**Student:** 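The structure under discussion is supplied below as structure tokens; questions concerning it will follow.
All chains are named by letter (A, B, ...) in the order of the sequence lines, taking the proteins before the strands, and each is independently numbered beginning at 1. As the structure is a prediction and not an experimental result, all values here were calculated from the model.
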Protein chains: 2
Amino acid sequence: MTVDQWSTEPIYRQIAAILRAKIESGEYAPGDKLPSEPRLQQEHGFARDTIRHAIKLLREENLVVTLPGRGTFVRPRSQ
Amino acid sequence: MTVDQWSTEPIYRQIAAILRAKIESGEYAPGDKLPSEPRLQQEHGFARDTIRHAIKLLREENLVVTLPGRGTFVRPRSQ
DNA sequence: AAATATTTGTACGTATGTATG
DNA sequence: GCATACATACGTACAAATATT
């Protein structure tokens, strides 16, 4: 699962989709810390701004919470 | 004082006028930091590009100076 | 306790693409 | 063609919170 640089789908949405899939598959389980922003930058090869945009989407979906200085963590499944 | 979306006056000029008025009234005093671009985005509800365009006008009028990574500041009154 | 490293937050600069009037 | 406006993406720098040594 990689980003298609030439897709009309914005990169940040593609990255969000990748992370979302990993959460839903359990690769990132509730309570797990996601890779840090610099780490995700390395993994996917895009700017921090783009990574942060992706994570912001996941926060808005209540899939993760971000704690300053700590990291971004997978939330417990609701319901 | 708000932006009229339907005015023939460009939005960026309207926003510039609002900020200019606040500077001239002393609400933003010399040395004060203006709200950041994202903050102004929230306040007025337009795109960053539009906010930046407004601030650019104030810079050209020497009303403010912008320091990268710091913010935009009201200049001391000249003469 | 103190210094350093890591991680997220904030802020501006720049460039490009799309759409509209 | 040009001006206006929004969206996306990358770059750079520094601050603040937290963790580590």
Side-chain angles (χ1 to χ4, degrees), chain A residues 1-20 22-23 28-75, chain B residues 1-20 22-23 28-75:
Chain A
M1 220 177 171
T2 57
V3 171
D4 172 10
Q5 174 126 39
W6 312 111
S7 167
T8 59
E9 187 75 352
I11 293 167
Y12 73 89
R13 282 188 192 279
Q14 294 185 54
I15 293 176
I18 291 171
L19 295 174
R20 193 183 300 111
K22 289 186 175 178
I23 290 169
Y28 298 147
D32 280 0
K33 183 173 149 354
L34 262 57
S36 71
E37 292 171 3
R39 190 78 189 80
L40 289 170
Q41 263 184 83
Q42 285 185 323
E43 279 179 24
H44 300 283
F46 295 92
R48 187 186 169 200
D49 185 65
T50 305
I51 302 293
R52 285 177 62 77
H53 202 156
I55 293 174
K56 182 164 174 279
L57 290 189
L58 301 182
R59 266 199 307 273
E60 287 166 358
E61 294 168 21
N62 281 319
L63 286 177
V64 301
V65 288
T66 298
L67 307 177
R70 307 280 303 280
T72 293
F73 300 84
V74 180
R75 288 175 59 118
Chain B
M1 222 176 169
T2 57
V3 172
D4 173 9
Q5 177 126 39
W6 312 111
S7 168
T8 59
E9 187 74 352
I11 292 166
Y12 73 89
R13 282 188 191 280
Q14 293 185 55
I15 293 175
I18 291 171
L19 295 174
R20 193 183 300 111
K22 288 185 176 178
I23 290 169
Y28 297 146
D32 280 359
K33 183 172 150 351
L34 262 56
S36 70
E37 292 172 1
R39 190 77 189 77
L40 290 170
Q41 262 184 82
Q42 286 185 322
E43 279 179 23
H44 297 101
F46 296 92
R48 185 186 170 198
D49 185 65
T50 305
I51 302 294
R52 284 176 64 75
H53 203 155
I55 293 174
K56 183 164 174 280
L57 291 188
L58 302 182
R59 265 200 307 275
E60 286 165 358
E61 294 168 22
N62 281 319
L63 285 177
V64 300
V65 288
T66 298
L67 307 178
R70 307 285 300 281
T72 294
F73 300 83
V74 180
R75 286 173 61 116

**Student:** A:Thr50 has a side chain; which of C:dG9, D:dA9, C:dC12 sits nearest to it?
**Tutor:**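 Within the option list, the nearest is D:dA9.
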
**Student:** State, with a plain yes or no, whether a side-chain heavy atom of B:Leu40 is found less than 4.5 Å away from one of B:Ile55.
**Tutor:**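 In contact.
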
**Student:** Take atom CD1 of B:Ile11 and atom P of C:dA19, then tell me their distance rounded to the nearest Å.
**Tutor:**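 Whole-Å distance recorded here is 19 Å.
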
**Student:** Which listed nucleotide (D:dT8, C:dT8, D:dA5) is nearest to the side chain of A:Glu37?
**Tutor:**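 Selected nucleotide (nearest to the side chain): C:dT8.
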
**Student:** Please report the closest heavy-atom contact between A:Glu43 and A:Pro35, naming both atoms and the distance.
**Tutor:**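 A:Glu43 and A:Pro35 have their closest heavy atoms at OE2-CG, 3.9 Å.
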
**Student:** Where the side chain of B:Arg52 is defined as all heavy atoms beyond and including C-beta, which of C:dG13, D:dT4, C:dA11 is the nearest nucleotide?
**Tutor:**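 Nucleotide nearest to B:Arg52's side chain: C:dG13.
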
**Student:** Which listed nucleotide (D:dT4, D:dC10, C:dT10) is nearest to the side chain of A:Arg48?
**Tutor:**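 Nearest to the side chain of A:Arg48 among the choices is C:dT10.
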
**Student:** Identify which nucleotide among D:dA17, D:dC10, C:dA11 has an atom closest to any side-chain atom of A:Asp49, counting heavy atoms from C-beta outward.
**Tutor:**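 Closest of the options to the side chain of A:Asp49: D:dC10.
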
**Student:** To the nearest angstrom, how far is B:Leu67 atom CG from D:dA15 atom C1'?
**Tutor:**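 After rounding, the gap between these two atoms is 15 Å.
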
**Student:** Check whether any side-chain heavy atom of A:Lys22 sits under 4.5 Å from a side-chain heavy atom of A:Met1, and report yes or no.
**Tutor:**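 With C-beta onward as the side chain, the pair stays apart.
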
**Student:** Just how far, in rounded Å, is C1' of D:dC10 from NE2 of A:His44?
**Tutor:**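 About 17 Å, once rounded to whole Å.
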
**Student:** Which of the following nucleotides, C:dT8, D:dT4, C:dC12, is nearest to the side chain of B:Pro10?
**Tutor:**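 Ranking C:dT8, D:dT4, C:dC12 by closest atom to the B:Pro10 side chain puts D:dT4 first.
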
**Student:** From A:Ser36 OG over to A:Arg48 CZ, what is the distance, rounded to the nearest 0.5 angstrom?
**Tutor:**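 Reported to 0.5 Å precision, the distance equals 9.5 Å.
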
**Student:** Pick the nucleotide of DNA chain D nearest each of A:Arg70 and B:Ile51; which residue has the one closer to the 5' end?
**Tutor:**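 It is B:Ile51 whose nearest nucleotide is closer to the 5' end.
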
**Student:** CD of B:Gln14 versus P of D:dA3: gap in Å, rounded?
**Tutor:**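 Rounded to the whole Å, the gap is 19 Å.
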
**Student:** When the nearest nucleotide of DNA chain D is assigned to B:Arg13 and to A:Gly45 on a heavy-atom basis, which residue is associated with the more 5' position?
**Tutor:**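 Looking at DNA chain D, the more 5' nearest nucleotide goes with B:Arg13.
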
**Student:** Given D:dC6, D:dA9, D:dT4, identify the nucleotide with an atom nearest to the side chain of B:Phe46.
**Tutor:**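 The answer is D:dC6.
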
**Student:** In Watson-Crick or G-U wobble terms, both distances under 3.5 Å, what is the partner of C:dA1?
**Tutor:**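 No nucleotide pairs with C:dA1.
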
**Student:** Write down the distance between OH (B:Tyr12) and P (D:dA3), rounded to a whole number of angstrom.
**Tutor:**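 Checked: the OH to P distance equals 9 Å.
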
**Student:** How would nucleotides 1-6 of chain C be written as a contact map, 5' to 3', with B for base contact, S for sugar-phosphate-only contact and - for no contact, using protein heavy atoms under 4.0 Å?
**Tutor:** ------

**Student:** Which value, rounded to the nearest 0.5 Å, describes the distance between B:Leu63 atom CG and B:Thr72 atom OG1?
**Tutor:**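 It comes to 12.0 Å.
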
**Student:** Enter the distance from A:Glu9:CD to A:Asp4:CG here, rounded to the nearest 0.5 Å.
**Tutor:**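 If we round to the nearest 0.5 Å, A:Glu9:CD and A:Asp4:CG are 10.5 Å apart.
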
**Student:** For the CG atom of A:Asp49 and the CD atom of A:Gln41, what is their distance to the nearest 0.5 Å?
**Tutor:**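 One gets 9.5 Å once the value is rounded to the nearest 0.5 Å.
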
**Student:** Send over the distance from A:His53 NE2 to C:dT8 C1', rounded to a whole Å.
**Tutor:**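 For the pair A:His53 NE2 and C:dT8 C1', the rounded distance is 17 Å.
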
**Student:** Kindly compute the distance separating CG (A:Leu57) from CD1 (A:Ile15), expressed to the nearest 0.5 Å.
**Tutor:**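 Taking CG in A:Leu57 and CD1 in A:Ile15, the distance rounds to 10.5 Å.
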
**Student:** Nearest 0.5 Å, please: how far is CD in A:Gln14 from OG1 in A:Thr50?
**Tutor:**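 Rounded to the nearest 0.5 Å, the OG1-CD separation comes to 11.0 Å.
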
**Student:** Hey, can you pull the residues of residues 55-63 of chain A with a non-hydrogen atom under 4.0 angstrom from DNA chain C?
**Tutor:**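 Nothing qualifies; none.
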
**Student:** Which of these, B:His53, B:Arg52, B:Lys56, sits in a side chain to side chain contact (heavy atoms under 4.5 Å, CB included) with B:Tyr12?
**Tutor:**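 Checked B:His53, B:Arg52, B:Lys56 against B:Tyr12; only one passes side chain to side chain contact (heavy atoms under 4.5 Å, CB included): B:His53.
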
